[in-house]
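Count residues from 1 along the sequence.
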Amino acid sequence: MLKKLVRCIREYRRDAILSPVFVSCEVFLEVLIPWLMAKLIDNGIDKGDMQYILKCGLVLVAAALASLAFGAASGMAAARASAGFAKNLRHDIFHRVQGFSFTNIDRFSTSGLVTRLTTDVTNMQNAFQMIIRIAVRAPVMLAFAMIMAFRVNARLALIFLGVMPVLALGLFLLTSRAFPIFDRVFKTYDKLNSVVGENLHAIRVVKSFVQEEHEREKFEAVSREIYFDFSKAERIVVLNMPLMQFCVYACMIAVSWQGAKLIVAGGMTAGLLMTMFSYIMQILMSLMIVAMILTMLTISRASARRICEVLDEESDIASGPDAVTEVADGSIEFRGVSFSYAKDPGKLCLRDVDLKIKPGETVGILGGTGAAKSTLVQLIPRLYDATEGQILVGGRDVREYDLNALRDAVAMVLQKNTLFSGTIRDNLRWGDPEASDEALRHVCRLARADEFIDTFPDGYDTWIEQGGTNVSGGQKQRLCIARALLKKPKILILDDSTSAVDTRTDALIRQAFAEEIPNTTKLIIAQRVTSVQDADHILVLDNGRVDAWGVHDELLRTNDIYREVYQSQVKGGDEDAQV
């Protein structure tokens, strides 16, 4: 885990090294100052030597200024290194997620990934800055102060060594109890992000069902859970302070008692005793900082583990070493294909699918809810890999293709249409970043999107809100179809993507497909029989199996499922007409 995180330092390695070097110089001068003060008191003030006082005073000022300069340099280097480390960490997590297959993404919730990219990365940034600066400062000061304390008086310095095991044991017990609670808290943060994200995403549904109070209760319940966990953890961690204070005061009393005896016996000067008190504070403050570092590392350890879960996740779908970079045509063939989301042959949602589709054909896909229609088409661009069997595109197994080449040849308009914040022009150019304005207008005419775009005051420069919330469902679907057409794909998959448009517009879109992209293989998943009845072939799925394969008239005669769907829709239409 540590090696994986250290790799994220990269170009900020120089700052990460300079920060502890500068802080070590700062600490050395801070530890030297009490010793110089003792010299000033014993050899200057007590003896009334003004020349020595002036000389030693100048050295003290120079040491203080140098310590300040080293401290500032260390702080700036640590800030650059920690911010850069966090930037690289976010970069690596995000790029790793971009390479995930749908199976990988299914293992992490959306809210969990958001928490890792925000809260967890911030915790790691704070921890990293603490490690390269404060975590270096504390042990270096502890070591230097102990060395100087033994130089001043070894007998008094032994008092510190007696206290340190007590403090170390106490800190270990406290942090070991706090870690499981902090680990649990971050999992609860995932739930909180999920509740907030779901509420904001579906705010119209919440308001239309007057469920604001229910959503508030959900939020308060999760927030309360975080509060109680954090309170419990903080109650444990806060015990660090009284433990530290006990050790500080115990040392001061013991040093005062023994130091007074030595001064009376002539074995120590007042200046050296004052120096010992300074070293007491430096040593014990260092231990206090160590306690704080352990607390922060306890929190960040949970974050580090969660981040490494993402960084360690290997995509189960990747391009081969000699991947094919050109898809010959839009032919599709399924050979004994079965699929399970759990990779368990006993829990198949697709079973023994055999299909052969020629380039340029239009295939309609019908089936009830849960028939695995979407699952079937998602195997074609390798959003998932088949559990059993083989899928061929352009005459080659999809596993032989470079992933980018395969997915560039396949355009999908998914069941859940998504538009991104930006102009209509920006959204369309996801299909082709170099597309001309004329090309944009052409695909919008094919998708019948030009009808409403031309009514907007800003036309193609109309701003689309995140998720496309300021356009209707039908408008969103037509923009997504236009975006897919801009790719000039060899295979076009429409996953129930005309459900929100009227039947006339649906028919015009299909007519445009037939006339304008005859060489593109078209797979149309639909609930309306009218959307697929003119297709070259119609596939009927039932419970993950191929129930029928044929044309409209043939299926009306031979297939019960198709006939039942057709008659229910025709009968419903007749009743509507009578009304």
Discussion item. Gln211 vs Lys218, test: side chain to side chain contact (heavy atoms under 4.5 Å, CB included). Steps then yes/no.
Written reply: CA-CA 11 Å; Gln211 290 295 309; Lys218 278 171 59 180; over 6 Å; no
If you count heavy atoms of other groups shown closer than 6.0 angstrom to [atom1] of [X], is the number above 12?
X      : atom1 : result
Trp430 : CH2   : no
Glu564 : CD    : no
Phe94  : CZ    : no
Asp437 : CG    : yes

- Message: For Asn470 and Glu465, which I'm curious about, is there any donor-acceptor pair between the side chains at under 3.5 Å?
- Response: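 On atom types as modelled, these side chains do not qualify, holding no pair under 3.5 Å.
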Quick one: does [X]'s side chain get under 4.5 Å of [Y]'s, heavy atoms only?
X      : Y      : answer
Leu350 : Leu379 : yes
Gln129 : Arg80  : no
Leu376 : Phe334 : yes
Ile380 : Val398 : no
Phe219 : Val196 : yes
Val565 : Val540 : no
Leu419 : Cys480 : yes

Is the His552 ring parallel, tilted or perpendicular to the Tyr562 ring (thresholds 30°, 60°)?
->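 It falls in the perpendicular class, over 60°.
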Would you name the heavy atoms of [X] and [Y] that are closest together and state the gap between them?
X      : Y      : value
Val393 : Tyr401 : O-OH, 2.5 Å
Lys487 : Ala411 : CD-CB, 4.1 Å
Val410 : Pro489 : C-CB, 4.3 Å
Ile9   : Ala16  : CG2-CB, 4.1 Å
Thr418 : Arg483 : O-NH2, 2.9 Å
Ser340 : Leu348 : CB-CD2, 3.8 Å

Quick test of your reading of the model: are Arg425 and Asp461 salt-bridged, counting only N-O distances below 4.0 Å?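 Here Arg425 pairs with Asp461 in a salt bridge, since their nearest N and O are under 4.0 Å apart.
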| message | Closer than 4.0 angstrom, basic N to acidic O: yes or no for Arg445 and Glu438? | response |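 A salt bridge links Arg445 with Glu438.
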Please identify each residue that fulfils salt bridge (Lys or Arg N to Asp or Glu O under 4.0 Å) with Asp458, with sequence neighbours left out.
->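 If we apply the salt bridge (Lys or Arg N to Asp or Glu O under 4.0 Å) test to Asp458, skipping adjacent residues, there are no hits.
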Residues in ring pair (Phe, Tyr, Trp, His ring centres under 6.0 Å) with His214, at least two apart?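 His214 satisfies ring pair (Phe, Tyr, Trp, His ring centres under 6.0 Å) with no other residue.
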*Contacts of type ring pair (Phe, Tyr, Trp, His ring centres under 6.0 Å), residue Tyr384, not counting sequence neighbours*: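 Testing Tyr384 for ring pair (Phe, Tyr, Trp, His ring centres under 6.0 Å), a comparison that skips the adjacent residues, returns Phe102, Phe339, Tyr341.
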Atom pair [atom1]/[atom2] of [X] and [Y] - distance to nearest 0.5 Å:
X      : Y      : atom1 : atom2 : result
Leu486 : Asn427 : CG    : CG    : 12.0 Å
Asp402 : Arg407 : CG    : CZ    : 10.0 Å
Leu428 : Ile453 : CG    : CD1   : 6.0 Å
Leu494 : Ile524 : CG    : CD1   : 5.5 Å
Ile365 : Ile538 : CD1   : CD1   : 11.0 Å
Ile93  : Ile307 : CD1   : CD1   : 4.5 Å

Between [X] (side chain only) and [Y] (backbone N and O only), is there a donor and an acceptor less than 3.5 Å apart?
X      : Y      : value
Arg96  : Leu311 : yes
Asp120 : Ser303 : no
Ser82  : Phe128 : no
Arg478 : Cys444 : no
Thr558 : Glu554 : yes
Thr521 : Gly360 : yes
Gln475 : Phe452 : no
Ser319 : Leu403 : yes
Glu225 : Leu192 : no
Ser338 : Asp352 : yes

query: Step by step, would you call Val471 with Ile424 a side chain to side chain contact (heavy atoms under 4.5 Å, CB included)?
result: CA-CA 11 Å; Val471 291; Ile424 289 177; 6.0 Å; no
Steps toward salt bridge (Lys or Arg N to Asp or Glu O under 4.0 Å) verdict (Glu212, Arg216): CA-CA 6 Å; Glu212 292 92 341; Arg216 275 195 291 269; over 6 Å; no
Can you list the steps and then say if Arg429 with Asp426 is a salt bridge (Lys or Arg N to Asp or Glu O under 4.0 Å)? CA-CA 5 Å; Arg429 281 185 172 149; Asp426 294 335; 5.8 Å; no
Can you name the residues that form a side chain to side chain donor-acceptor pair (under 3.5 Å) with Ser531, not counting sequence neighbours?
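Per chain and number, Ser531 pairs via side chain to side chain donor-acceptor pair (under 3.5 Å) with Asp506.
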- Given the rule in the salt bridge (Lys or Arg N to Asp or Glu O under 4.0 Å) test, do Arg504 and Asp502 qualify, once you have shown the distances and angles that lead to the verdict? CA-CA 6 Å; Arg504 174 184 171 276; Asp502 58 84; 5.2 Å; no
- With sequence neighbours left out, what residues match Asn543 under side chain to side chain contact (heavy atoms under 4.5 Å, CB included)?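 So Asn543 forms a side chain to side chain contact (heavy atoms under 4.5 Å, CB included) with Arg351.
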Requested in this report: Apply side chain to side chain contact (heavy atoms under 4.5 Å, CB included) to Gln378 and Met412, showing your working.
Outcome: CA-CA 9 Å; Gln378 287 174 1; Met412 291 191 71; 4.1 Å; yes
Discussion item. Evaluate Asp560 against Arg563 for salt bridge (Lys or Arg N to Asp or Glu O under 4.0 Å), listing each step before the verdict.
Written reply: CA-CA 5 Å; Asp560 293 337; Arg563 184 168 51 250; 2.4 Å; yes
Exercise. Sorted by first residue and then second, give each side chain to side chain donor-acceptor pair (under 3.5 Å) pair with at least one member in residues 353-370; sequence neighbours left out.
Key: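 For residues 353-370: Glu361-His537.
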- Query: Name the one of Lys87, Arg10, Arg116, Lys4 that satisfies salt bridge (Lys or Arg N to Asp or Glu O under 4.0 Å) with Asp92?
  - Reply: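 The salt bridge (Lys or Arg N to Asp or Glu O under 4.0 Å) with Asp92 is passed solely by Arg10 among Lys87, Arg10, Arg116, Lys4.
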**Message:** Between Asp15 and Phe85, is the side chain to side chain contact (heavy atoms under 4.5 Å, CB included) condition met? List the steps.
**Reply:** CA-CA 11 Å; Asp15 286 317; Phe85 170 71; over 6 Å; no
